[in-house]
**Q** 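Just passing along the structure, written as structure tokens.
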Protein chains: 2
Amino acid sequence: MPMDLALGVEDKMRAALPDLTRAERQVATHILRHYPVAALGSITALARAAEVSTPTVVRLCQKLGYRGYPDYQSALRGEVEAMLESPLVKHDRWAGGAPDTHILNRFADAVVANLQATFSQIDHADFDQVAGLLADPSRRIFAMGGRITHAHADYLVSLMKVVRPEVTLLSDMSNTWPPALLDMTPGDVLVAFDIRRYENSVLQLVELAVEQGAEVVVITDRWVSPAAAHARHTLTAHIEAPSAWDSTVSILVLVETLLAAVQSRTWDATQERMTRLETLYDRSRFFRRHR
Amino acid sequence: MPMDLALGVEDKMRAALPDLTRAERQVATHILRHYPVAALGSITALARAAEVSTPTVVRLCQKLGYRGYPDYQSALRGEVEAMLESPLVKHDRWAGGAPDTHILNRFADAVVANLQATFSQIDHADFDQVAGLLADPSRRIFAMGGRITHAHADYLVSLMKVVRPEVTLLSDMSNTWPPALLDMTPGDVLVAFDIRRYENSVLQLVELAVEQGAEVVVITDRWVSPAAAHARHTLTAHIEAPSAWDSTVSILVLVETLLAAVQSRTWDATQERMTRLETLYDRSRFFRRHR
DNA sequence: TGCTTTCCGAAATGATTGTAACAGAAATTG
DNA sequence: CAATTTCTGTTACAATCATTTCGGAAAGCA
């Protein structure tokens, strides 16, 4: 009994590829190259696009084990449905049987939805401006987060420090603020993370920073932190999750994308800096070489 | 001049929904409910599934601004192509025109690919066991990360502390270890984050913890940290990114999913704990109420 | 080279599709 | 309640589609 029935259409085609004739393979590779949209239309269109005759397409379908082109096509539509339904976790469809109930899959779905919502909403120009601010060596960078987002501020700072100097993490202990604020001059940049429930400490620091003439970038959720009122730029992220808390994944993605953008803008300076850092780390014997 | 031409098919349908007749709306909602696969087949199949006549479908298509069903369908196929090509960034197709070259989109694509790879590879049973360990109130939890992953360990600890007691972050300053190790008894759990380049300090701590009889969970990248050799459980994540560094997004997703799993396992105890924490925060006036 | 086998597309055919025209039903209006 | 408009399905028909048939081209073999 052939196992093919359980396989996806794509795999089946790939597997059959060696046993096909020249024209048939021409069709198959064309479909695979534009999978699966190429085979969603009529057989005529597909044949013309693949530069073969329609009977060839029919023969291919039958060779793959389908009754004809419509049969093949409906199998393909089923595949499309599966691909579209959940971008991730396509593998668990057969393993679990039940509609994805495992927390891993539910969470993954939520995360992807958040990313989708977040990224379709971000204004590219705005993002670029923020990246420009952070890449400007004449500005000092400060970052702070709330109870939950403190880790993200930490992450931003520790990686940004590799790219450029003058990056400071402001802890949420407010006694560390005054000295930092003392150094803050007009043009400096404060990146403030604040998601619900919005914290007074963040708002206060933002207000103080604005008074010092700093450019404030607020990264918040879609209900928008009150601190955003004072901010020059606001980046909003979607954070819904099937749990008691929110998911800050899209915030991390924003941070990493900002880092990548800054790094690419300052590549010359960064590169030299990074290699220097590497040798320092090597010499301090903290790292083990990856074989 | 109607802006409809630039809109996606789905949006267009939703927008037109109020202006449709009963039978037309029946078709439209059916399509939207099973979007877009329902309308990828023949008009006859669609009409039967939506329980209307075929001319109704035709009239709907024309009302939406298409010349007929085939025209509508080909527009739909274009949409499918876009959806499949990149799960995110559906919005930039018309804004940019050029093939998505903006760092936001490239990064988003990479992240989704990482999530896909990570989640299709995780063993659910293994994951559940880790969640079980972390949810066990009789075990103490310790966490540590490397230079980059320190923020993730921090995040795990600060949120886990809400759910349960006895959670400790081990900083990467090794002078904080001995007192922690002193408390570590057989059965306790150490969660160690270690991605390339793998750090000696993590490896050392893991070895020490194993000697104390602790259960070690290593969260690493797909090249697998040497520390994993000593671990009871290993969760691997994909971290490739279009930048000079890696993207730790999938690691954060793992962390958050673990948190969600633990929280749902200990919901009774957690809930009481969380409400207590809320009142404490309220009383300390650190937060501003979200209106 | 001749013979066979395999492969491929033009042509023919039946089936299905998508659409226009029409007519009855339903809703709306005066 | 009749008149009118709007909506919807049945019917009919042209267009397209998918498939089978068949002849010739290409490749393999003696």
Side-chain angles (χ1 to χ4, degrees), chain A residues 9 12-80, chain B residues 9 12-80:
Chain A
V9 180
K12 207 189 288 193
M13 288 180 68
R14 249 177 248 284
L17 221 46
D19 299 333
L20 299 179
T21 67
R22 194 256 318 155
E24 286 164 356
R25 194 159 41 237
Q26 209 165 310
V27 181
T29 55
H30 174 83
I31 296 178
L32 288 173
R33 202 185 310 279
H34 314 320
Y35 191 84
V37 197
L40 252 38
S42 77
I43 196 176
T44 331
L46 171 57
R48 185 162 34 232
E51 295 176 321
V52 297
S53 68
T54 48
T56 304
V57 179
V58 177
R59 282 190 287 263
L60 169 65
C61 295
Q62 290 168 344
K63 217 176 226 177
L64 288 173
Y66 301 97
R67 281 158 40 94
Y69 185 70
D71 188 26
Y72 166 80
Q73 207 178 35
S74 93
L76 206 66
R77 276 197 296 270
E79 193 123 312
V80 171
Chain B
V9 180
K12 207 188 289 191
M13 287 181 69
R14 247 177 250 284
L17 221 46
D19 299 332
L20 298 180
T21 68
R22 194 256 316 155
E24 286 165 356
R25 194 160 40 237
Q26 209 165 310
V27 181
T29 55
H30 175 85
I31 297 178
L32 288 173
R33 202 186 311 279
H34 316 331
Y35 190 83
V37 197
L40 252 38
S42 76
I43 195 177
T44 328
L46 170 57
R48 186 163 31 231
E51 296 177 320
V52 297
S53 67
T54 48
T56 303
V57 178
V58 176
R59 284 189 285 263
L60 170 64
C61 296
Q62 291 169 343
K63 217 175 226 177
L64 289 172
Y66 300 98
R67 282 159 36 95
Y69 186 69
D71 188 26
Y72 166 79
Q73 208 178 35
S74 93
L76 206 66
R77 275 198 295 271
E79 193 123 312
V80 171

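No hydrogens, no waters, no symmetry mates; every other heavy atom, side chains included, goes into these values. To find a chain, count down the sequence lines: A is the first, B the second, and so on, and within it residues start at 1.
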**Q** Between D:dG9, C:dG18, D:dA18, spot the one nearest the side chain of B:R59, thanks.
**A**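 Output: D:dG9.
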**Q** Between B:S42 and C:dT17, is there a contact of a side-chain N or O with OP1 or OP2 at under 4.0 Å?
**A**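 For B:S42, the contact criterion (side-chain N or O under 4.0 Å from OP1 or OP2 of C:dT17) is met.
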**Q** Considering only C:dG18, C:dC7, D:dT8, which nucleotide approaches the side chain of B:T21 most closely?
**A**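 Selected nucleotide: D:dT8.
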**Q** Between B:T54 and B:D19, which has a closest nucleotide on DNA chain D that is more 5'?
**A**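 Upstream on the strand: B:D19.
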**Q** Rounded to the Å, how far apart are B:R48 CZ and D:dT8 P?
**A**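 To the nearest whole Å, that distance equals 20 Å.
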**Q** About how many Å separate CD of B:Q73 and CG of A:L40, when rounded to the nearest 0.5 Å?
**A**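 With rounding to 0.5 Å, CG (A:L40) is 8.0 Å from CD (B:Q73).
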**Q** Base, sugar-phosphate, or nothing: which does A:Q26 touch, judged by heavy atoms less than 4.0 Å apart?
**A**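 Answer is nothing: A:Q26 stays at 4.0 Å or more from every strand.
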**Q** So, for B:K63 and B:E24, which heavy atoms are closest and what is the spacing to 0.1 Å?
**A**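 Scanning both residues, the minimum pair turns out to be NZ-OE1, 2.8 Å.
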**Q** At 4.0 Å (heavy atoms only), tell me whether A:Q73 reaches a base, stays on the sugar-phosphate, or touches nothing.
**A**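 Nothing, no nucleic acid heavy atom in range.
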**Q** Kindly indicate whether the side chain of A:Y66, heavy atoms from C-beta on, has any atom under 4.5 Å from the side chain of A:V9.
**A**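 Of all side-chain heavy-atom pairs linking A:V9 with A:Y66, at least one is under 4.5 Å.
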**Q** For A:T56, answer base if it contacts any base atom (sugar-phosphate contacts may also be present), sugar-phosphate if it contacts only those atoms, and nothing otherwise; contact means non-hydrogen atoms under 4.0 Å.
**A**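 The residue A:T56 makes sugar-phosphate contact but no base contact.
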**Q** Would you mind reporting whether B:L46 and B:H30 have side-chain heavy atoms less than 4.5 Å apart?
**A**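 Heavy-atom side-chain distance check passes, below 4.5 Å.
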**Q** Base, sugar-phosphate alone, or nothing: which one does A:R22 contact when heavy atoms must sit under 4.0 Å apart?
**A**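 Result for A:R22 = sugar-phosphate.
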**Q** Any N or O donor-acceptor pair under 3.5 Å from the base of C:dG18 to the side chain of B:R67?
**A**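 Between C:dG18 and B:R67, which were checked side chain against base, a qualifying N/O pair under 3.5 Å is absent.
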